[in-house]
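Shown next, in structure tokens, is the structure this report addresses.
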Amino acid sequence: MLVDAGVGLVIVGHSERRHGLGETDAVVLEKVHRAGEAGLQVTLCVGETGDERDAGRAEEVVERQVDAVVDLGRVPLHVAYEPVWAIGTGRTATHEDARSMHAHIRATAAEALIIQYGGSVKPDNSAALLAQDGVDGLLVGGASLDAASFAAVVPL
Ligand SMILES: O=C(CO)COP(=O)(O)O
């Protein structure tokens, strides 16, 4: 149905589904499989909650989420690192946290992976986030709902 409608890329594992609807790694894996079979490109969303970060478990959680699907191999996979505590909150990961988590994801998966950052991306922080080593792109939520904000992020 999505392919018939012209869709080429889907987001799987967004935090609203993992945490709001209880979507497990197994469900995420199944969705990635099905999307691949349908010829859809997948952006896999991963990210730790605030409690997980405070407990020093951010890397372990994200690694588990990446590991759950990455050895599929045949599905063109992009990853979006979206710390749950940064989504829609106005709090953005520090540059160092974004850089180091992207490096960790890349080490967990493969060098060739495209890794985007998401979580309160705005015109005033997008350039600096994109300038971090290993941040290949941005996944923009709220700022994309405002034409002026989105236009200020896009030309980068
Ligand atoms: O969840 C997001 C995009 O999927 C991020 O949303 P915000 O940019 O509004 O934090």
Side-chain angles (χ1 to χ4, degrees), residues 1-3 5-25 27-32 34-36 38 40-54 57-59 61-70 75-106 108-109 113-156:
M1 187 174 86
L2 291 175
V3 172
V7 173
L9 185 148
V10 290
I11 291 174
V12 179
H14 192 276
S15 76
E16 284 163 4
R17 300 205 58 92
R18 289 184 191 266
H19 298 288
L21 296 167
E23 211 163 272
T24 62
D25 285 336
V27 171
V28 170
L29 175 62
E30 182 63 24
K31 286 186 165 188
V32 172
R34 300 255 182 117
L40 290 163
Q41 192 163 24
V42 174
T43 293
L44 172 72
C45 291
V46 298
E48 79 287 357
T49 64
D51 285 348
E52 289 164 341
R53 174 160 286 274
D54 291 346
R57 297 183 49 233
E59 288 197 348
V61 168
V62 168
E63 189 173 322
R64 191 205 71 227
Q65 293 170 339
V66 172
D67 267 343
V69 299
V70 89
V75 181
L77 194 66
H78 295 190
V79 172
Y81 170 52
E82 296 206 303
V84 178
W85 49 268
I87 296 175
T89 61
R91 287 178 62 207
T92 313
T94 65
H95 300 155
E96 174 53 24
D97 287 343
R99 192 203 56 71
S100 74
M101 188 62 85
H102 281 231
H104 189 65
I105 292 168
R106 207 174 296 284
T108 301
L113 217 54
I114 291 174
I115 309 175
Q116 298 159 258
Y117 171 83
S120 296
V121 172
K122 295 174 279 230
D124 64 358
N125 62 24
S126 53
L129 284 163
L130 269 179
Q132 301 308 306
D133 267 356
V135 177
D136 302 316
L138 302 170
L139 209 164
V140 186
S144 69
L145 301 177
D146 177 78
S149 290
F150 193 51
V153 170
V154 164
L156 294 168

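Both counts, for ligands and for their atoms, begin at 1 and track the order of listing. Values below: every heavy atom of this structure, side chains too, minus hydrogens, waters and symmetry copies.
Using 4.0 Å as the threshold, Ala143 has no heavy atom nearer than that to any atom of ligand 1.
Close contacts of ligand 1 with Ser120, meaning ligand atoms under 4.0 Å from a residue heavy atom, involve 7 (P), 8 (O), 10 (O). With ligand atoms numbered from 1 in the order given, ligand 1 contributes 10 (O) to contacts under 4.0 Å with heavy atoms of Gly119. Ligand 1 places these atoms under 4.0 Å from at least one heavy atom of Ala86: 10 (O). Distances below 4.0 Å separate heavy atoms of Leu139 from the following atoms of ligand 1: 3 (C), 4 (O). In summary, the atoms of ligand 1 found under 4.0 Å from a heavy atom of Gly88, numbered by their order in the structure, are 7 (P), 9 (O), 10 (O).
Atom-to-atom distance recorded for Glu23:CD and Lys31:NZ is 3.5 Å, nearest 0.5 angstrom. The distance from the CG atom of Asn125 to the OH atom of Tyr117 is 7.5 Å, given to the nearest 0.5 Å.
Residues Asp25 and Arg18 form a side-chain contact, since some pair of their non-hydrogen atoms from C-beta on lies under 4.5 Å apart.
Here the protein heavy atom with the shortest distance to atom 6 (O) of ligand 1 is Gly141 CA, 3.4 Å. Of the protein's heavy atoms, Glu82 OE2, 3.5 Å lies nearest to atom 5 (C) of ligand 1. Of the protein's non-hydrogen atoms, His14 NE2, 3.0 Å is the one closest to atom 4 (O) of ligand 1. Protein heavy atom in closest approach to atom 9 (O) of ligand 1: Gly142 N, 2.7 Å.
Checked against Leu44 for a side chain to side chain contact (heavy atoms under 4.5 Å, CB included), the options Ile115, Ile105, Val69 give a single hit: Val69.
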Tell me, with the steps shown, if Val10 and Leu2 meet side-chain contact (heavy atoms from CB on, under 4.5 Å).
CA-CA 9 Å; Val10 290; Leu2 291 175; 3.9 Å; yes
Please report the C-alpha distance between Thr43 and Val79 in whole Å, then the side-chain angles of each, then the deciding distance to 0.1 Å, and finally whether the side-chain contact (heavy atoms from CB on, under 4.5 Å) criterion is met.
CA-CA 5 Å; Thr43 293; Val79 172; over 6 Å; no
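Salt bridge annotation for Asp133-Arg106: absent, with no cationic side-chain nitrogen under 4.0 angstrom from a carboxylate oxygen. Salt bridge absent: Arg57 and Asp51 never bring a charged side-chain N and a carboxylate O closer than 4.0 Å.
Among the atoms of Gly118, none of the N or O lies under 3.5 angstrom from an N or O of ligand 1.
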